[in-house]
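When a residue number appears, it is its place in the shown sequence, counting from 1.
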Amino acid sequence: MQNKQLKISIDEMMERIGYNETISAIASIGYNKAIEQNGLVKDSELFARSVEFTAALNTDAVETISGFLSGKSNEDIAKFVLECMAIDNAFSENSPIELCDLAIDLLKIQSGDEVCDFGCGDGAFLANVLLNCKEKPNVLGMEANPEFADVAQILLSLLEADKNKIETGSVIDSKLEGYSKAFTFPPLAMKMFGGSEYRTSKICPSLTFSNRNSSEWIFIDRMLSGLMDGGRAVAFVCGRALFCKQDKPYRDFLLEKGLIESIVEFPSNLLFNTAIKIYAIVFSSGNNHVRLVNADDCVLTNTKKKNVLNVDKVLGLLSSENISKKSNAELETCENLTPSVLTLEVKKPSNAKSLGKVSEIIAGCQYTASHFEDKFTDDENGLCILTPNDIQNGMIDLDGLRKIKQDGQKLDKFLLKQGDVVITTKSSKVKTAVVDVEPERKIIAIGGILVIRPDSRKINPTYLKIYLDSQNGQTALKQVQKGLVIMTINPRNLESLLVPVPDMAIQDSKAEKYNELLSTLAAYSDEMKKIERQISEFDLEGEE
């Protein structure tokens, strides 16, 4: 924004009344100005609300903005409102403009289309559709927040699309239908809402949503229910919608009907104020397979705060002949539909058995180290706690374990035993270690670690560790990781992991050789630490 005084006025307004109120104010000022100077046909009720809203604001700010808009066309006023929305290049308060551009490209909007946005917010997506499409389509939207709905309607009016209305109301009550293109970006991690009468799927009445479902699917269900045959739709969702167990029947229904065309996984840190990773699902009809794109490296610029999506690269991957595809039937057998998982190539181990068949998976004590902050002690009889940081070079640093005062017997059920395999659950690189001797002290694994207790008659603990640390094992572990921001492994998913279980003689032989190598590594590591200590303590003034 080049006008310095204007920017100061808007920044002051945002600081005083907040983002949403400021955008409502700017849209109202622009609407009134367009009616006054450009003869824009006014909606009496909308005009009355905009006049009432601006009357309650700081007069200087209103006059500064109004003066700037003098002589500008309706379209330029709309662009100014959008520019004010675009803090840090956003097309709405939380979403970068690149996502808007990509959604428009994915919808393949043509002349004569009617584009609907479910949960349209302040109308930024629909306004960008009107500004970026050569042949202006008809547009409509649904928004529960009345103030947002007013801003959206103002934008449509300024862009001469006022014959299409923004419906004010909840998406679950929507009766919109007959549109050829549709878009939705539901609120992230929103809890399910509405009574039981709203929980039945519109497109599959035999399915009912519950509080355990991802709320995104209700938005998608309502959106798809009014989509014309042959239409296209795009939804942006968080990862939970693609791997939540309770959502699987609905996902399977969509696959069975051939309604999912593509799933795109975006890089993390695209959104403002959250690190939650999002995904695009493209819907159309007649699909017998799903195109899968892991666009994790499609980044134009990378900063600590935010990544910027490379839209052209994403579109290039989607149109590539080498794109990864999986049949609908194959995907119906999958618990997780995120592309980064589905595109992993894991070789099925020989003599494979699920980990849950050859071992017990124990969640252990889920307290983190901070829980014991006031209980740490130097007492040699204290209870040792094992954290992910205590696993180094494939071994447990027994000498470095911190101790806590014992609190009765309640933590004894989490004590580690000889032969246990510990595995970190909240790290990109999964670390493992074997408790290969009977602990001389009491040790418990705390938050961020699972305990695998192998059946020694079926699988050697060290042999299991060798597989889990291998490239194929690490890839297999990535397949069972889930999460919105931090990827985690839960016991149920770990139980399903396939591991090789050859003859015990083979396992024992491999384990013995591996332990010899680990012992050598430990000896070298100790020697290096000794040399490093000697270097740091080297005496320049001592005798030769």
Side-chain angles (χ1 to χ4, degrees), residues 355 359 361-373 376-378 380 382-404 411 414-454 460-478 480-481 486-489 494 497 499 510-537:
L355 186 55
S359 63
I361 314 293
I362 303 168
C365 175
Q366 293 307 296
Y367 290 131
T368 60
S370 61
H371 175 81
F372 301 105
E373 203 65 45
F376 287 120
T377 180
D378 293 327
E380 285 300 316
L383 183 65
C384 296
I385 61 171
L386 174 67
T387 71
N389 290 334
D390 297 316
I391 301 174
Q392 299 294 335
N393 299 320
M395 296 173 285
I396 298 172
D397 180 13
L398 292 172
D399 294 332
L401 298 182
R402 289 184 289 179
K403 306 175 192 68
I404 60 172
L411 295 177
F414 301 120
L415 292 175
L416 295 180
K417 299 180 180 180
Q418 182 177 6
D420 285 349
V421 179
V422 291
I423 177 170
T424 59
T425 63
K426 294 181 179 179
S427 52
S428 54
K429 167 73 174 175
V430 178
K431 298 190 290 184
T432 67
V434 177
V435 182
D436 50 10
V437 294
E438 190 65 41
E440 296 179 358
R441 293 168 290 177
K442 290 183 176 182
I443 304 173
I444 62 167
I446 62 173
I449 293 179
L450 288 177
V451 179
I452 304 171
R453 190 156 288 162
N460 182 296
T462 301
Y463 184 83
L464 174 60
K465 171 183 165 52
I466 295 171
Y467 175 71
L468 295 177
D469 288 349
S470 70
Q471 183 176 349
N472 200 57
Q474 287 286 305
T475 303
L477 286 168
K478 284 184 181 295
V480 298
Q481 287 180 316
I486 299 174
M487 303 305 288
T488 62
I489 300 173
L494 192 58
L497 187 78
V499 296
K510 296 283 187 184
E512 183 178 354
K513 293 177 181 178
Y514 182 83
N515 281 330
E516 288 175 1
L517 290 172
L518 267 188
S519 297
T520 302
L521 176 63
Y524 278 125
S525 179
D526 289 342
E527 186 64 23
M528 286 182 65
K529 289 178 182 177
K530 179 180 176 182
I531 294 171
E532 287 171 354
R533 186 167 58 253
Q534 290 174 343
I535 290 173
S536 67
E537 297 173 354

Using 0.5 Å steps for rounding, measure from the CD1 atom of Ile423 to the CD1 atom of Ile391. 9.0 Å
Working for side chain to side chain contact (heavy atoms under 4.5 Å, CB included), residues Leu383 and Thr377: CA-CA 9 Å; Leu383 183 65; Thr377 180; over 6 Å; no
Are any side-chain N or O atoms of Ser519 and backbone N or O atoms of Asn515, one a donor and one an acceptor, separated by less than 3.5 Å? yes
Inspect the surroundings of OH in Tyr367 and state if more than 12 heavy atoms from other residues, nucleotides or ligands are less than 6.0 Å away. no
Can you tell me if CD on Glu512 sees more than 12 non-hydrogen neighbours from other groups inside 6.0 Å? no
Separation of Tyr463 OH from Lys510 NZ (nearest 0.5 Å): 7.5 Å
Would you check, one step at a time, whether the test side chain to side chain contact (heavy atoms under 4.5 Å, CB included) holds for Tyr514 with Asn460? CA-CA 12 Å; Tyr514 182 83; Asn460 182 296; over 6 Å; no
Between the main-chain N or O of Leu468 and the side-chain N or O of Gln474, is there a donor-acceptor pair closer than 3.5 Å? yes
Answer yes or no: is there a donor N or O on one side and an acceptor on the other, between the side chain of Ser359 and the main chain of Ile452, under 3.5 Å? no
From Lys431 atom NZ to Asn389 atom CG, the distance as rounded to the nearest 0.5 Å: 5.5 Å
Considering residues at least two apart in sequence or located in another chain, which fulfil the salt bridge (charged side-chain N to carboxylate O under 4.0 Å, His left out) criterion with Asp397? none
If you define the side chain from C-beta out and look only at heavy atoms, does anything of Leu517 sit under 4.5 Å from Lys513? no
Inspect the surroundings of CD in Glu440 and state if more than 12 heavy atoms from other residues, nucleotides or ligands are less than 6.0 Å away. no
If I take atom CD1 from residue Ile385 and atom OG1 from residue Thr368, how far apart are they, to the nearest 0.5 angstrom? 9.0 Å
Heavy-atom pair of closest approach, residues Phe372 and Cys365: CZ-SG, 4.3 Å
Closest approach of Val421 and Pro461, non-hydrogen atoms and distance? CG2-O, 3.6 Å
So, Thr432 versus Lys465: side-chain donor-acceptor pair below 3.5 Å or not? yes
Any idea which heavy atoms bring Arg441 and Leu398 closest together, and the distance? NH2-O, 3.2 Å
For a side chain to side chain contact (heavy atoms under 4.5 Å, CB included) check, start with the C-alpha distance between Leu477 and Leu494, then their side-chain angles and the critical distance, and finish with the verdict. CA-CA 8 Å; Leu477 286 168; Leu494 192 58; 3.8 Å; yes
Rounded distance [0.5 Å steps], NZ in Lys417 versus CD1 in Ile443: 14.0 Å
Residues in side-chain hydrogen bond (donor to acceptor under 3.5 Å, both in side chains) contact with Arg453, at least two apart in sequence or another chain: Asp420
Kindly determine whether Phe414 and Ile446 satisfy side chain to side chain contact (heavy atoms under 4.5 Å, CB included), including the steps that lead there. CA-CA 9 Å; Phe414 301 120; Ile446 62 173; over 6 Å; no
Take a 6.0 Å sphere around CG of Asp378 and say whether it holds more than 12 heavy atoms from other residues, nucleotides or ligands. no
Gln481 versus Val430, closest heavy-atom pair with distance: NE2-CG2, 3.7 Å
Listed by chain and number, what are the side-chain hydrogen bond (donor to acceptor under 3.5 Å, both in side chains) partners of Thr462, not counting sequence neighbours? none
In this structure, are over 12 heavy atoms from other groups packed under 6.0 Å from Gln471 atom CD? no
Taking all non-hydrogen atoms of both residues, which atom of Ala363 and which atom of Leu450 are closest, and how far apart? CA-CD2, 3.6 Å
Donor + acceptor pair across side chains of Asp390, Thr387 (<3.5 Å): yes
Are side-chain heavy atoms of Leu355 and Leu464 found at a separation under 4.5 Å? yes
Between Gly394 and Leu518 the two heavy atoms that sit nearest each other are O-CD1, 4.2 Å
